[in-house]
Amino acid sequence: MAPFLRLRQICLVTEPIEPAASQLAAIMGLNICYRDPHVGKYGLENVLLPVDTTLLEIVAPTQPGTAAGRFLEKTQGRGGYMAIFCCDDPDARGRHAASLGVRTANVIDHAPYHGVQLHPRDCRAAFIELNHTEGSDNIRGPYPPAGPDWANAIRTDTTQALTAVEMQSPDPADLAAHWGRILDLPVSAAADGTAELRLPNATFRFVEGASEAMTALTFKVTEPAGIRAAAQAKVVATTEDGFTIAGVEFRLTN
């Protein structure tokens, strides 16, 4: 497999999509860059918001019986749905995953974009998608899932980067090793002993918890206290170092 791999997008699921989408944009100082009509065939609607060159997506079911809706029921509202990575060869990475017993659930082929989604039951905790956009070696270049002008919507005056994703498991070392095998990444240890997978633009941290889930996102921001105050003004539940939307904790650092 080619070595190139970056976190491209995190997808959260909630129901309904509002007020969460508007609250998130206002609290974090982000712009909604796109609403993708293609997700309608899955019984969903969505919004995408760029956090520098990483996309934050919120999806919501628009009809009964969707995979996203079943996921939300299973997790009792904890909406950490998908971790989406860009790479050189999604098909090769899909074949590698298959050799580990991880099935391909869906292939998306909307030229110049090609994505391979792995089966969430086999991935554990969350969906993994691997994708590539032909002719888009520039990380700010074309990325069809985010619309034609996504890079022009980037704002960094309030929120500067998504730096870490927290994954929870009763056996975090085992989940870290499993994701490491799927993504062909070595597992390392943080100073506190937490198992990690490190990508060029973000770190996945694996912590102990009652069930397997994506539980928190960490953002570098200019003024954490100001963002917490904005969350309180929107009547969004706050935590000691952030707030919670779609059942996922948003942690703020500077």
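Just so you know, residue 1 is the first one in the sequence shown, and it goes up from there.
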If you measure from the Lys or Arg side-chain nitrogens to the Asp or Glu carboxylate oxygens, is any gap between [X] and [Y] under 4.0 Å?
{"X": "Lys220", "Y": "Asp52", "value": "no"}
{"X": "Glu212", "Y": "Arg124", "value": "yes"}
{"X": "Arg251", "Y": "Glu166", "value": "yes"}

Same hydrophobic cluster for [X] and [Y], using side-chain heavy-atom links shorter than 4.5 Å among ILVMFWY?
{"X": "Leu5", "Y": "Phe127", "answer": "no"}
{"X": "Leu12", "Y": "Leu44", "answer": "no"}
{"X": "Leu7", "Y": "Val51", "answer": "yes"}
{"X": "Val13", "Y": "Ile32", "answer": "no"}
{"X": "Phe4", "Y": "Ile84", "answer": "no"}

Measure across [X] and [Y] and return the closest heavy-atom pair with its distance rounded to 0.1 Å.
{"X": "Arg78", "Y": "Phe71", "answer": "O-CE2, 3.5 Å"}
{"X": "Arg205", "Y": "Ala190", "answer": "NH1-CB, 3.6 Å"}
{"X": "Thr133", "Y": "Pro142", "answer": "CG2-O, 3.6 Å"}
{"X": "Ala176", "Y": "Val187", "answer": "O-CG2, 3.6 Å"}
{"X": "Asn131", "Y": "Gly115", "answer": "CB-CA, 3.8 Å"}
{"X": "Pro50", "Y": "Asn31", "answer": "CD-O, 3.2 Å"}

Separation between [atom1] of [X] and [atom2] of [Y], rounded to the nearest 0.5 Å:
{"X": "Leu197", "Y": "Met167", "atom1": "CG", "atom2": "CE", "value": "9.5 Å"}
{"X": "Ile27", "Y": "Thr238", "atom1": "CD1", "atom2": "OG1", "value": "10.0 Å"}
{"X": "Asn254", "Y": "Thr222", "atom1": "CG", "atom2": "OG1", "value": "8.0 Å"}
{"X": "His110", "Y": "Asp36", "atom1": "NE2", "atom2": "CG", "value": "8.5 Å"}
{"X": "Thr244", "Y": "Phe250", "atom1": "OG1", "atom2": "CZ", "value": "8.5 Å"}
{"X": "Gln117", "Y": "Asn106", "atom1": "CD", "atom2": "CG", "value": "4.5 Å"}

Assess, by modelled atom type and distance only, whether the side chains of [X] and [Y] contain a donor and an acceptor separated by less than 3.5 Å.
{"X": "Thr156", "Y": "Gln160", "answer": "no"}
{"X": "Asn46", "Y": "Tyr34", "answer": "no"}
{"X": "Arg8", "Y": "Thr54", "answer": "no"}

Take Met28 and Ile227 through the side-chain contact (heavy atoms from CB on, under 4.5 Å) test and state the conclusion after the steps.
CA-CA 6 Å; Met28 300 286 281; Ile227 293 178; 4.1 Å; yes
Sequence-distant partners of His119, side-chain hydrogen bond (donor to acceptor under 3.5 Å, both in side chains), two or more places apart
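His119 satisfies side-chain hydrogen bond (donor to acceptor under 3.5 Å, both in side chains) with no other residue.
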List for me each residue that meets side-chain hydrogen bond (donor to acceptor under 3.5 Å, both in side chains) alongside Thr158, sequence neighbours excluded, and say none if there are none.
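For Thr158, no residue satisfies side-chain hydrogen bond (donor to acceptor under 3.5 Å, both in side chains) once neighbours in sequence are set aside.
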Parallel, tilted or perpendicular: rings of Phe204 and Phe85 (30°, 60°):
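Correct class here is tilted.
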Return the set of residues passing ring pair (Phe, Tyr, Trp, His ring centres under 6.0 Å) with Tyr113 (not counting sequence neighbours), or none when no residue passes.
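In terms of ring pair (Phe, Tyr, Trp, His ring centres under 6.0 Å), with neighbours along the sequence ignored, Tyr113 is linked to no residue.
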Are any of the side-chain heavy atoms of [X] and [Y] separated by less than 4.5 Å?
{"X": "Val59", "Y": "Met82", "answer": "no"}
{"X": "Ile139", "Y": "Thr53", "answer": "yes"}
{"X": "Thr203", "Y": "Thr163", "answer": "no"}
{"X": "Ile10", "Y": "Met214", "answer": "yes"}
{"X": "Pro170", "Y": "Leu175", "answer": "no"}
{"X": "Val207", "Y": "Thr194", "answer": "yes"}
{"X": "Val236", "Y": "Leu24", "answer": "no"}
{"X": "Thr253", "Y": "Pro224", "answer": "no"}

Closer than 3.5 angstrom, by distance alone: can the side chain of [X] be matched with the main-chain N or O of [Y] as a donor-acceptor pair?
{"X": "Thr239", "Y": "Gly242", "answer": "yes"}
{"X": "Ser99", "Y": "His96", "answer": "yes"}
{"X": "Thr66", "Y": "Gly69", "answer": "yes"}
{"X": "Thr62", "Y": "Gly43", "answer": "yes"}
{"X": "Arg181", "Y": "Pro186", "answer": "no"}

With sequence neighbours left out, what residues match Asp171 under side-chain contact (heavy atoms from CB on, under 4.5 Å)?
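Only Ser169, Ala173, Asp174 meet the side-chain contact (heavy atoms from CB on, under 4.5 Å) criterion with Asp171.
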Considering residues at least two apart in sequence or located in another chain, which fulfil the side-chain contact (heavy atoms from CB on, under 4.5 Å) criterion with Pro90?
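Here the qualifying residues are Cys87, His114, Val116, Leu130, His132.
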Does Gln63 have more than 12 heavy atoms from other residues, nucleotides or ligands lying within 6.0 Å of its CD?
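Counting other residues, nucleotides and ligands, CD of Gln63 exceeds 12 neighbours.
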Please determine whether side-chain contact (heavy atoms from CB on, under 4.5 Å) holds for the pair Thr215 and Val248, giving the CA-CA distance in whole Å, both sets of side-chain angles, and the decisive distance to 0.1 Å.
CA-CA 5 Å; Thr215 49; Val248 173; over 6 Å; no
Evaluate side-chain contact (heavy atoms from CB on, under 4.5 Å) for Thr14 paired with Ile245, printing each intermediate quantity in order.
CA-CA 9 Å; Thr14 190; Ile245 277 184; over 6 Å; no
Thr159 and Leu162: CA distance, side-chain angles, deciding distance, side-chain contact (heavy atoms from CB on, under 4.5 Å) verdict
CA-CA 8 Å; Thr159 301; Leu162 195 170; over 6 Å; no
Output field: ring centroids Tyr81/Tyr42 closer than 6.0 Å:
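Tyr81 vs Tyr42: aromatic centres not under 6.0 Å.
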Contact list for residues 133-165, test ring pair (Phe, Tyr, Trp, His ring centres under 6.0 Å), sequence neighbours left out:
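The answer is none; no pair qualifies.
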